[in-house]
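Here is the structure we will look at.
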Amino acid sequence: MRTFGFPEIVFLIEAAQWTIYLSLLTFGMGGLVGFVIAMARVSRHRVLRAVSSAYVQLFQNTPLLMQLFIVYFGLSLLGFRLPAIVAAGLALTFFASAFLGDIWRGSIEAVPRQQFEAADALALTPWQSFRHVILPQAIRLATPPTVGFFVQIVKNTSLTSIVGMTELMRGAAMMNNATMAPMNVYAIVCLIYFVICFPLSVLSRKLESRLNVGR
Amino acid sequence: MSVVKAKNISKSYNKTVVLRDISLTVESGEVLVLLGRSGSGKSTLLRCLNGLEQIQAGSVEVAGHEMIYSGEALRALRRDVGIVFQQYNLFPHMTVGENIMLAPHLVKKVPRKEMARKAREVLDKVGLLDKFDAYPDRLSGGQQQRAAIARSLAMEPKLMLFDEVTSALDPQLTGEVLAVMASLAQSGMAMVVVTHEMGFARRVADRVIFMHDGRIIEEGPPEQLFSAPSTPEFKAFLAQTD
């Protein structure tokens, strides 16, 4: 049996890299899809609104763990054998895009109606109004909750250990099996998650208070 | 030449009728003041003149554009019609200068240099030349409203609409905004003004319309209308506001 020492800590930190990569991938992909979802949610077309709303409800109201299982095991039953990283990335993208789409819809809708009206009255096209008047204001409103949600993404990547992603959580399980020192292993793991998430939480809160004083 | 020709326009929200068979013309260079109690339809009428509200019957022609509710037709019309709102509605994420240059840049494709020159010219008109680089939330309400007027003027409109633009301002700030509007009127701008400022109506208006329950019930030059109101509604309105 191995004893828990410096090499084991290095191993955990290396595993944490995958947590970070997966978080960034999720944020990137989820952000892309989430933007489309947000646009569909505020669109004038009723069908687009209905479909995007159903998407958000579906992925917000089912456990991420189930989504992971369905993407990984469900698809493999149908003959699609996805590598763990693809399955994990896909499931996390569904999850993140549903939440980000909803956060951003809220931010767009929080821009006062009169701003649309003023832009309209100045003969701007709908796209020009959105791009130059609504979006910049919505982005300011959306930044604190978006950064806050990134913390949720980081923590939720731990679930992907179930489908065989060797990220921090799975790395920890492996170390635990090898060393039988759960307190040491999981204390270090906690600390690593904290070191990643805490600055983001602080940033989110800072952005929020800056928003509250106006500019 | 008429800058506004509205014929027999009607509008209702669900079952509530807001405008009943209204006809109205505004000559170029004319200042028309719309008076009436809240709910009389005056703001709705004003907003119908640039298509922010749709009419259900009748016809409207403004600055040579027939009112057609398609994006492109509305934009063509709105290029020639400025509107100023009660709540200013400046874009808070842009400086005053950027607020003013946005529409000329996007809509009229005015070159940048020319745009900056124009922005300074209209800011000078409203007495805010030194606020070019200031953000709206650094300005007083009166200054914001003057900046909003400047933003409309930068599009070189043929008609300006004012929708209770001083209702959110205290008396002193109201004064500075009304002074800008009076000088604009002096310069020959055609204006339709919804206001509760009777003094402004008396001094600046060429013609006053009193609306009641979605109808125009009195109309005429201010001196005549104010000295000899002919309907009991307008008499009561004057008695309350003076």
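To find a chain, count down the sequence lines: A is the first, B the second, and so on, and within it residues start at 1. A quick note: this is a predicted structure, and the numbers were derived from the prediction, not measured. Atom set for the values below is all heavy atoms of this structure, side chains included, hydrogens, waters and symmetry mates excluded.
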Under a 4.0 Å threshold between the charged nitrogen and the carboxylate oxygen, would [Y] count as salt-bridged to [X]?
X	Y	result
B:Lys5	B:Glu27	no
B:Lys118	B:Glu121	yes
A:Glu208	A:Arg205	no
B:Glu164	B:Lys42	yes
A:Arg113	A:Glu117	no

Side chain, backbone, both or neither: which part of B:Leu161 has a non-hydrogen atom closer than 4.5 Å to chain A? neither
Using the ring of each side chain (for Trp, its six-membered ring), is A:Phe149 parallel, tilted or perpendicular to A:Phe99, with breaks at 30° and 60°?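 Correct class here is parallel.
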Can you check whether anything in residues 71-89 of chain B gets within less than 4.5 Å of chain A, heavy-atom wise, and list it by number? B:Arg75, B:Arg78, B:Arg79, B:Val81, B:Ile83, B:Phe85, B:Asn89
